[in-house]
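Below, each value reflects all heavy atoms present in this structure, side chains not excepted, and no hydrogens, waters or symmetry copies. Small disclaimer: the values here were computed from a predicted structure and weren't measured. Both counts, for ligands and for their atoms, begin at 1 and track the order of listing. This chain uses plain numbering: 1 for the first residue, then up along the sequence.
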Amino acid sequence: MRIAVFGTKGYDRRFFTAANEAHGHDLLFLEPRLDALTSQLARGCGAVCVFVNDVVDGAVLATLAQGGTRLVALRCAGFNNVDLAAAERLGISVVRVPAYSPHAVAEFTVALLLAVDRHIPRAWARVRDNNFALDGLIGRNLHGRTVGVVGTGKIGALVARSLKLGFGCDVLASDIAADPELEAIGIRYVERTTLLREAEIVTLHCPLTPETRHLIDADAIAHARDGLVIVNTSRGALIDTSALIDGLKTRKIGAVALDVYEQEADLFFEDLSSEIVSDDVFQRLLTFPNVLITGHQAFLTEEALQAIAETTLASIADAEAGRPLANRVDSALIAPSR
Ligand code: NAD
């Protein structure tokens, strides 16, 4: 099958080309992201392969359908950027990679937490400048602190386990369904409002849905503990960024580590170092000494990239052969409101 791979980076080309040896698909690597304009490029391609910030709305899907596309293959776990109802209407199947390497994201989450909480980026910058003073670098032990994990699926469960068993944190969790294995090691499920009120550190691992959008908002921050540390490696819009900035300015929030950002589609995955970035909210975030931001790279390990490429191309082969699609995404996967 001819597959238009949108938003291709060097690492996508490398891992998809290697994994394609087992399939022999006709891969058309395209640098632009999928959007209303670039959707024309997929004409004649039975499948498109897209990533987290490609635009897969109703209009784009209609153009794809007209051009003969019957499958959208997300090379990621999240699918909040796809209009699933429109895809179903147009007869386009959607597949994703539900579990390429939860360890990649979970390990990065803990790395971000430690880095921001122990001021490692600031310390490294100082040492490079031969400044060995320690003022301003005082951290806190993770041991004994109360951490709230929102969403205890594949990634959240690994983070919760690591913080509970590895670091000796008191871990609270919130999810639609409790994981008995986490309860068995002493992790307590509570209502999300209780978690946000009691936790000293909150780490987000639920999907972005209408119900979870801005789950960290002005109200949640107002009711949180002073000095709250927030880590988000899930999706940017789980946090109301303006409320986050207000919370940082009033010092209610102690530290923030983000791998994702609400408006990241305009910024992330591109080298903008020679450009004038016009997103004032993002630029304000960068000014805080207690904010650490990475550009959506929690997934970026050799193991994850290999698994993403293999699973995506296998799903496309299944679609081509008319086999059932194990990694199909449909509207039933969106969690009910609660
Ligand atoms: P998962 O589906 O295994 O787990 C998600 C969990 O969230 C499930 O247990 C689900 O029940 C729970 N959930 C759903 N709605 C909820 C709600 N309203 N409140 C609380 N919990 C709720 O997914 P995963 O593989 O663990 O991935 C989690 C998220 O991480 C993905 O949705 C994706 O957005 C993000 N992600 C980010 C990166 C990255 O590179 N930064 C990489 C992969 C995934």
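- The distance from atom CD1 of Ile308 to atom CD of Glu303, rounded to the nearest 0.5 Å, is 11.5 Å.
- Residue contacts with ligand 1: Val150 is placed with no nitrogen or oxygen under 3.5 Å of a nitrogen or oxygen of the ligand (distance criterion only).
- For Tyr100, every heavy-atom contact with ligand 1 shorter than 4.0 Å involves the side chain, none the backbone.
- For ligand 1, the atoms sitting less than 4.0 Å from at least one non-hydrogen atom of Arg235 are 33 (C), 34 (O), 35 (C), 36 (N), 37 (C), numbered in the order shown with element in parentheses.
- Summarising the geometry of Thr69 relative to Cys45, their closest heavy-atom pair is OG1-O, 2.8 Å, with the distance given to 0.1 Å.
- By the 4.5 Å heavy-atom criterion applied to side chains, Ile293 and Phe282 are counted as neighbours.
- Side-chain contact, Asn20 with Thr17: no donor N or O sits under 3.5 Å from an acceptor N or O.
- If you number the atoms of ligand 1 from 1 as listed, the ones under 4.0 Å from a heavy atom of Phe299 come out as 40 (O).
- Between the side chain of Glu200 and the backbone N or O of Thr146 there is at least one donor-acceptor pair closer than 3.5 Å.
- Note that CG of Asp318 and CG of Leu325 are 6.5 Å apart. Values are rounded to the nearest 0.5 Å.
- Not counting sequence neighbours, the partners of Phe51 by the ring-ring contact (aromatic ring centres under 6.0 Å, His included) test are Phe269, Phe299.
- At a 4.0 Å heavy-atom cut-off, ligand 1 touches Val105 through the side chain alone.
- For ligand 1, the atoms lying closer than 4.0 Å to a non-hydrogen atom of Thr233 are 36 (N), 37 (C), 38 (C), 39 (C), 41 (N).
- Arg145 CZ: more than 12 foreign heavy atoms inside a 6.0 Å radius.
- Short contacts between ligand 1 and Gly151, defined as distances under 4.0 Å to a heavy atom of the residue, involve ligand atoms 7 (O), 21 (N).
- Residue Thr212 has at least one heavy-atom neighbour below 4.0 Å for each of these atoms of ligand 1: 17 (C), 18 (N).
- Remark: the backbone N or O of Val5 is not paired with any side-chain donor or acceptor of Arg75 at under 3.5 angstrom.
- Here salt bridge (charged side-chain N to carboxylate O under 4.0 Å, His left out) pairs that include residues 155-174, with residues two or more places apart or in two chains, are Arg161-Glu181, Asp170-Arg188.
- Enclosure of atom CD1 in Ile138 is not indicated, since only 12 or fewer non-hydrogen atoms of other residues, nucleotides or ligands lie within 6.0 angstrom.
- Under the 4.0 angstrom criterion for non-hydrogen atoms, Phe108 is not in contact with ligand 1.
- When each atom of ligand 1 is checked for a heavy atom of Ala298 under 4.0 Å away, the hits are 39 (C), 40 (O), 41 (N).
- Scanning Ile176, Val149, Val159 for the heavy atom closest to atom 15 (N) of ligand 1 points to Ile176.
- Ligand 1 is never approached by Ala177 to a heavy-atom distance shorter than 4.0 Å.
- Short contacts between ligand 1 and Ser174, defined as distances under 4.0 Å to a heavy atom of the residue, involve ligand atoms 20 (C), 21 (N).
- Looking at Lys154, His205, His296, it is Lys154 that brings a heavy atom closest to atom 25 (O) of ligand 1.
- Between Pro102 and ligand 1 there is no heavy-atom distance shorter than 4.0 Å.
- Proximity of Thr152 to ligand 1, defined as any heavy-atom pair under 4.0 Å, is confined to the backbone N, CA, C and O atoms.
- Residue-ligand proximity, Glu211 to ligand 1, at heavy-atom distances under 4.0 Å covers atoms 17 (C), 18 (N).
- At a 4.0 Å heavy-atom cut-off, ligand 1 touches Asp259 through the side chain alone.
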